[in-house]
Engineer: 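Take this structure first; my questions come after.
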Amino acid sequence: MADLLSIERLSAGYGEAVVLADLSFSLAEGRSLALLGRNGMGKTTLINSIVGVTHRFGGTIKLAGRDITRMRPDQRAHAGVGWVPQERNIFKSLTVDENLTAVSRPGAWTPARVYQLFPRLAERRGNMGNQLSGGEQQMLAVGRALVLNPRLLLLDEPLEGLAPIIVDELLAALKRIIVDEGLSAILVEQNAQKTLGVTDRAMILERGVIVHEADSAALKADRGVLESYLGVTDARPRRAAAH
Ligand SMILES: Nc1ncnc2c1ncn2[C@@H]1O[C@H](COP(=O)(O)OP(=O)(O)OP(=O)(O)O)[C@@H](O)[C@H]1O
Ligand SMILES: [Mg+2]
C-alpha cells in the first residue's frame, strides 16, 4: 500500500529547543497508528509538527507523495491533515451546529453523519460550545475534524480526563471511524490498552526518539515492553500466572 504519511529525519521543537531528533516513520493509506509514551516524551510535538506549528530544524514530511514540509498549517489542513488538538479547540460561543457547519467541506463526513456517530451532539445541536460537558466538547472536536474530510486524522489524547462511560462511547466512535471506515489516523494516548484495540500499528516515543514499533496486537500482549516504556500496564495479570 502506498504511504499516506512519510516522515524522514525530522528534527523539531520550540525556539532553540530540539524535542524530536532525527525521527523517521511512515503510515500507509487506510492504516492507523497508536503513538504512545510517558508525559513530556514528545507525542504532542510530533503531532504539532505534522500540523505545522512547531519549529522544524530539519527533515521532510510528505502527505500522499506531496512535500508539505514548508506549507503553513492552513495549507496542510487543506492538503488533508485533520487535527483534534489536546486542548479541544471548539468555538465556545457558537452552537454545536454552527461549530460543524462553519468548517464543513464537501465529502463523506457531513454534520448529519457526525450526529449519527454522536447522538449526544444531535440532542445538543442548539447549545453553545461552552454549555457542553467535557466529553461532549471532545465529541464536537472530533466532529469538527471529520467534517473537514481529512485524509489523515490526528487525535491528541482524545480520551484524557473523561469519565469512563464517555471514554467507552468515544472509543466506540473512534473504532467506527478508524476500523470500519478505514480513515488513516494517528492516535495519541496514555491508555495503551484502549488505544491498541483500535489501531493497526504502535510506536513508543521516549525523549523524542522512537524506541519501539510493533503491531498493536503484539504490543498489547507485550507486558515487558509496556512496563519498561510506559511504566504501568493496565493489562490485568492472569490469576493462574500470578500464584
Ligand atoms: N510550547 C513549548 N515550548 C517549549 N517547550 C515545549 C513546549 N511544549 C512542549 N515543550 C517541551 O517539549 C517536550 C515534549 O513535550 P510534548 O508536549 O510533546 O510531550 P507529550 O508526550 O505530548 O506529553 P503529554 O503526555 O504530557 O501531553 C517537553 O519537554 C516539553 O516541556
Ligand atoms: Mg501531549
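Numbering of ligands and ligand atoms starts at 1, following listing order.
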Engineer: Among all protein heavy atoms, pick out the one at the shortest distance from atom 17 (O) of ligand 1; state its residue, atom name and that distance to 0.1 Å.
Structural biologist: T44 CB, 3.6 Å
Engineer: Should E29 and R151 count as an ion pair when the cut-off is N to O under 4.0 Å?
Structural biologist: yes
Engineer: Just which atoms of ligand 1 are under 4.0 Å from any heavy atom in E157?
Structural biologist: 24 (P), 25 (O), 27 (O)
Engineer: With atoms numbered from 1 as shown, which atoms in ligand 1 lie under 4.0 angstrom from a non-hydrogen atom of R38?
Structural biologist: 21 (O)
Engineer: Quick one: does M41 get an N or O within less than 3.5 Å of an N or O on ligand 1?
Structural biologist: yes
Engineer: Count I, L, V, M, F, W, Y as connected when their side-chain heavy atoms are under 4.5 Å apart, and connections chain through other members. Are L196 and L170 then in the same cluster?
Structural biologist: no
Engineer: Would you say the side-chain atoms of R125 pair up with the backbone N or O of T95, donor to acceptor, closer than 3.5 Å?
Structural biologist: no
Engineer: Give a yes or no on whether the backbone of I204 and the side-chain of K43 come within a donor-acceptor separation of less than 3.5 Å.
Structural biologist: no
Engineer: To the nearest 0.1 Å, how far is atom 12 (O) of ligand 1 from its closest protein heavy atom, and which atom is that?
Structural biologist: V19 CG2, 3.4 Å
Engineer: For ligand 1, which atoms, with element, lie under 4.0 Å from some heavy atom of Q86?
Structural biologist: 27 (O)
Engineer: What is the closest protein heavy atom to atom 6 (C) of ligand 1, and at what distance does it sit?
Structural biologist: Y14 CD1, 3.3 Å
Engineer: Are the side chains of T54 and L20 in touch, meaning some heavy atoms are under 4.5 Å apart?
Structural biologist: no
Engineer: Please check if the number of heavy atoms outside E8 that lie under 6.0 Å from its CD is greater than 12.
Structural biologist: no
Engineer: Would you say atom 30 (C) of ligand 1 has a protein heavy atom nearer than 4.0 Å?
Structural biologist: no
Engineer: Could you tell me which atoms of ligand 1, counted from 1 in the order shown, lie closer than 4.0 angstrom to a heavy atom of Q190?
Structural biologist: 25 (O)
Engineer: Does ligand 1 have an atom that lies less than 4.0 angstrom from a heavy atom of G40?
Structural biologist: yes
Engineer: I need the protein N, O or S atoms closer than 2.8 Å to the Mg ion (ligand 2), given as residue plus atom name.
Structural biologist: T44 OG1, Q86 OE1
Engineer: When you compare the side chain of L148 with that of W109, does any pair of heavy atoms fall below 4.5 Å?
Structural biologist: no
Engineer: Tell me the protein heavy atom at minimum distance from atom 24 (P) of ligand 1, and give that distance in Å.
Structural biologist: N39 ND2, 3.6 Å
Engineer: Using a 3.5 Å distance criterion without hydrogens, assess whether the side chain of S184 forms a donor-acceptor pair with backbone atoms of G30.
Structural biologist: yes
Engineer: Under 4.0 Å from a heavy atom of T45: which atoms of ligand 1 are those, numbered in the order shown and with their elements?
Structural biologist: 14 (C), 15 (O), 16 (P), 18 (O)
Engineer: For residues V147 and R105, determine if any side-chain heavy atom of one lies less than 4.5 Å from a side-chain heavy atom of the other.
Structural biologist: no
Engineer: Against ligand 1, does G42 come closer than 4.0 Å with any heavy atom?
Structural biologist: yes
Engineer: Is it the case that the side chain of S216 and the backbone of R201 share a donor-acceptor pair, with hydrogens and angles ignored and the cut-off at 3.5 Å?
Structural biologist: yes
Engineer: Transitively linked via ILVMFWY side-chain contacts under 4.5 Å: I47 with L205?
Structural biologist: yes
Engineer: Whether the side chain of R56 engages the backbone of S49 through a donor-acceptor N/O pair (distance < 3.5 Å, no angle test) should be reported.
Structural biologist: no
